[in-house]
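We count residues from 1, following the sequence as given.
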Amino acid sequence: QVQLVESGGGLVQPGGSLRLSCVASGFTFSSYAMQWYRQAPEKEREFVAHISTSATTIYANPVKGRFTISRDNAENTVYLQMNGLKPEDTAVYYCMRAGTTLWGQGTQVTVSS
């Protein structure tokens, strides 16, 4: 079954850190670029980060210098390390197989004191 499963979300205080994981199955993970998106309440889904098959990365301006995307092809997993979290980072975070319509179910990140 072709799917993406995210995990690692939760409640964290401002300035804290979380690491999100997205495990892929049912396709050749190493052949695809992967992306993270997020959707805050009453807002449109927005791009967060991209990692190519050769591990080249691209970040949205709001997360540059705070978030790091990485991948482990042996584990079929893409990660999003989030440091220096802010309340405005609160959203459901989704991973996506780039260039396709394959999305995970999302994981909630809440940044609040």
*asked:* As a quick check of understanding, evaluate side chain to side chain contact (heavy atoms under 4.5 Å, CB included) for Asn76 and Ser25, giving each step before the final call.
replied: CA-CA 7 Å; Asn76 291 344; Ser25 59; over 6 Å; no
*Got a second to check how far Arg38's CZ is from Asp89's CG, nearest 0.5 Å?*
5.0 Å
*Is atom CD of Glu44 surrounded by more than 12 heavy atoms (other residues, nucleotides or ligands) closer than 6.0 Å?*
no
*Under the side chain to side chain contact (heavy atoms under 4.5 Å, CB included) criterion, do Leu102 and Tyr32 qualify, and how do the steps go?*
CA-CA 11 Å; Leu102 181 63; Tyr32 290 88; over 6 Å; no
_Minimum heavy-atom separation for Leu4 and Gln105, please, with both atom names._
O-OE1, 3.6 Å
*Would you verify whether the NZ or CZ of Arg45 falls within 45 degrees of the ring axis of Tyr37 while also being under 6.0 Å from that six-membered ring's centre?*
no
_Side chain proximity check, Val12 to Met82, heavy atoms < 4.5 angstrom_ = no
*Intermediate values then yes/no, side chain to side chain contact (heavy atoms under 4.5 Å, CB included), Phe29 and Val23*: CA-CA 9 Å; Phe29 177 75; Val23 179; over 6 Å; no
*Keeping the roles fixed (side chain from Gln39, backbone from Ala91), state whether a donor-acceptor pair exists under 3.5 Å.*
no
_Shortest non-hydrogen contact from Ser21 toward Thr77_ = CB-CG2, 4.2 Å
_Closest approach of Ser17 to Gln81 (non-hydrogen atoms, all atoms of both residues)_ = CB-NE2, 4.0 Å
*Do you know which two heavy atoms are closest between Glu6 and Cys95, and how far apart they sit?*
OE2-N, 2.8 Å
*Same apolar cluster (I L V M F W Y, side chains within < 4.5 Å links), Val78/Tyr59*: yes
*Same hydrophobic cluster for Tyr93 and Trp103, using side-chain heavy-atom links shorter than 4.5 Å among ILVMFWY?*
no
*How far apart are the closest heavy atoms of Ala40 and Thr90, and which atoms are they?*
CB-O, 3.6 Å
_With a 3.5 Å distance limit and no angle check, can you tell me whether Ser52 reaches the backbone of Ala33 through a side-chain donor-acceptor pair?_
no
*asked:* Which residue is it: Leu20, Thr57, Asn83, Leu85? I am looking for the one with a side-chain contact (heavy atoms from CB on, under 4.5 Å) to Phe67.
replied: Leu85
*Under the side chain to side chain contact (heavy atoms under 4.5 Å, CB included) rule, what do Arg97 and Met34 come out as? Steps first, then yes or no, please.*
CA-CA 5 Å; Arg97 190 174 69 177; Met34 298 295 295; 4.2 Å; yes
*Gln13 (side chain) donor-acceptor with Ser113 (main chain) under 3.5 angstrom*: no
*State plainly whether one hydrophobic cluster holds both Met96 and Leu80, where clusters connect Ile, Leu, Val, Met, Phe, Trp and Tyr through side-chain heavy atoms under 4.5 angstrom apart.*
no
*asked:* Quick check for you: to the nearest 0.5 Å, what is the distance between Gln35 atom CD and Ile69 atom CD1?
replied: 8.0 Å
*asked:* Count I, L, V, M, F, W, Y as connected when their side-chain heavy atoms are under 4.5 Å apart, and connections chain through other members. Are Tyr79 and Tyr94 then in the same cluster?
replied: no
